[in-house]
Amino acid sequence: MGGTGPVLALVGATGAVGSVMVDIINGRPEVPWGEIRLIASARSAGKRITVRGQELTVQALAPEVFDGVDVAMFDVPDEVSAQWAPIAAARGAVAVDNSGAFRMDPDVPLVVPEVNADAVADRPRGIIANPNCTTLSMMAALGALHREFGLRELVVASYQAASGAGQSGIDRLYAELAAVAGKDLGVRGGDVREALAAAGLGQADSPFPAPLALNVVPWAGSVKDDGWSSEELKVRNESRKILGIPDLKVSATCVRVPVVTTHSLSVHAVFDREVTVAQAHAVFAAQPSVVLVDDPAQGRFPTPADVVGGDPTYVGRVRQALDFPNTLDFFVCGDNLRKGAALNTYEIAEQVVAAR
């Protein structure tokens, strides 16, 4: 760094996703940036973080930090992005936002580079949005299939990690696991709620509506109309926008599971044309960001424990639905803090620079 290349700003550099972003930048063989600025709240200003072998000082978020910036990546809560991404754009930066503040804005493209990289050029507000990590976990695989066979309908069940609820979700899962560890809960699993209460873990203090340790919770997000959750509607609305299929039929059920990091999804996809497992395998194998792991007879399929910390999307359990024509079922895993958040945001930033 320190050359004549474009200037990158990372807003939220000290947060969970921002820290992963720094790791990704440090792990790239090369970067296009002449300068990188680390931005965070005033309480984090002054911290020192090493990026590309250079120790950088975190600056407090303020309008002037965006002067001269070409691309500003935002890894902050919705309300912070809603206020500051337009300020960055007004100062001349292209804002790439990882929050939910702008995803469904018709003047803001929602981008997955493997699927709709051309959309980065159409940004009337100077802002590009990164999808929700649940939707994003399946997009590289679905986009590739859609190009070949024409996607028509989508039924998805997600199995979402605790880290999708932020650091509080991670902390809560670890606390719950500690509370039940070593206890003889019997063949029925005992009373998990009683064990948590004995450890001082009241449900009202949890980011989850039910215990997560030794449990699954069929809910993620906030309450929306007709019994749907916000996470489920994001899968529907964002899939339509990214794939460019405004009338795509989508139904999703989002479930929280006792996994720290890496979301999984069971996908039932209906296409315009016939598709075989062999054809799907060939499509997946041809995608640089998709890893096919599909040999159930040998116990080989993707699981969060194998995928966490990796950049690609992992796909397995590929089947033709027995009673439904033109249909595939498959299982997909993706690290929700890497490709599901930080990596895709960074790849959008690289795409913006490459398209200049």
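Computed from a predicted model, the values in this text were never measured in an experiment. Computed over heavy atoms, backbone and side chain alike; hydrogens, waters and symmetry mates excluded.
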Please assess Val80 against Leu61 for the test side chain to side chain contact (heavy atoms under 4.5 Å, CB included), listing each intermediate value before the final yes or no.
-> CA-CA 10 Å; Val80 179; Leu61 182 58; 4.1 Å; yes
For the [atom1] atom of [X] and the [atom2] atom of [Y], what is their distance to the nearest 0.5 Å?
X: Leu212; Y: Leu177; atom1: CG; atom2: CG; result: 8.0 Å
X: Asn116; Y: Asp122; atom1: CG; atom2: CG; result: 11.0 Å
X: His263; Y: Cys333; atom1: NE2; atom2: SG; result: 11.0 Å
X: Leu38; Y: Ile25; atom1: CG; atom2: CD1; result: 8.0 Å
X: Ser289; Y: Asp311; atom1: OG; atom2: CG; result: 10.0 Å
X: Asp78; Y: Phe102; atom1: CG; atom2: CZ; result: 9.0 Å

Minimum heavy-atom distance [X]-[Y], with the two atoms named:
X: Ala342; Y: Met21; result: O-CE, 3.2 Å
X: Arg338; Y: Val20; result: CG-CG1, 3.7 Å
X: Leu136; Y: Ala341; result: CD2-N, 4.4 Å
X: Leu201; Y: Ala175; result: CD1-O, 3.6 Å
X: Glu153; Y: Leu151; result: O-CD1, 3.5 Å
X: Arg256; Y: Ala165; result: NH1-N, 3.8 Å

Could you check whether any side-chain heavy atom of [X] comes within less than 4.5 Å of a side-chain heavy atom of [Y], counting everything from C-beta outward?
X: Ser158; Y: Val235; result: no
X: Ser264; Y: Tyr314; result: no
X: Pro258; Y: Glu176; result: no
X: Arg193; Y: Leu196; result: no
X: Val192; Y: Asn215; result: no
X: Tyr346; Y: Val96; result: no
X: Phe330; Y: Asp294; result: no
X: Glu274; Y: Pro325; result: no

Grouping I, L, V, M, F, W and Y whenever their side-chain heavy atoms are under 4.5 Å apart, do [X] and [Y] come out in a common cluster?
X: Val353; Y: Ile128; result: yes
X: Val22; Y: Ile348; result: yes
X: Leu154; Y: Leu328; result: yes
X: Val315; Y: Phe271; result: yes
X: Tyr159; Y: Leu337; result: no

Side-chain ([X]) to main-chain ([Y]) donor-acceptor, under 3.5 angstrom:
X: Trp219; Y: Gly221; value: yes
X: Glu55; Y: Arg48; value: no
X: Thr345; Y: Leu343; value: no
X: Asp75; Y: Leu10; value: no
X: Gln287; Y: Val283; value: yes
X: Asn237; Y: Leu233; value: yes
X: Arg172; Y: Phe208; value: no
X: Asp335; Y: Thr262; value: no
X: Thr253; Y: Ala157; value: no
X: Lys241; Y: Arg103; value: yes

Between [X] and [Y], does at least one N-O distance fall below 4.0 Å, as a salt bridge requires?
X: Glu347; Y: Lys339; answer: yes
X: Glu232; Y: Arg236; answer: no
X: Arg319; Y: Asp329; answer: no

Check the pair Ile245 / Asp247 against side chain to side chain contact (heavy atoms under 4.5 Å, CB included), numbers first and verdict last.
-> CA-CA 6 Å; Ile245 315 173; Asp247 59 348; 3.5 Å; yes
Candidate list Gln59, Gln54, Arg52, test side-chain contact (heavy atoms from CB on, under 4.5 Å), partner Leu56, passing option |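 Testing Leu56 for a side-chain contact (heavy atoms from CB on, under 4.5 Å) against Gln59, Gln54, Arg52 leaves exactly one candidate, Gln54.
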Whether over 12 other heavy atoms sit under 6.0 Å from [X] [atom1]:
X: Arg273; atom1: CZ; answer: yes
X: Glu194; atom1: CD; answer: no
X: Asn26; atom1: CG; answer: yes
X: Arg317; atom1: CZ; answer: no

Kindly indicate, with the supporting measurements, whether the criterion side-chain hydrogen bond (donor to acceptor under 3.5 Å, both in side chains) is fulfilled by Glu231 and Gln160.
-> CA-CA 10 Å; Glu231 287 283 304; Gln160 297 179 216; 3.1 Å; yes
Decide side chain to side chain contact (heavy atoms under 4.5 Å, CB included) for Leu145 and Phe284; before the verdict, give the C-alpha distance in whole Å, the side-chain angles of both, and the deciding distance to 0.1 Å.
-> CA-CA 8 Å; Leu145 291 172; Phe284 292 142; 3.6 Å; yes
So Asn326 and Phe149, side chain to side chain contact (heavy atoms under 4.5 Å, CB included) or not? Walk me through it.
-> CA-CA 9 Å; Asn326 301 354; Phe149 307 107; over 6 Å; no
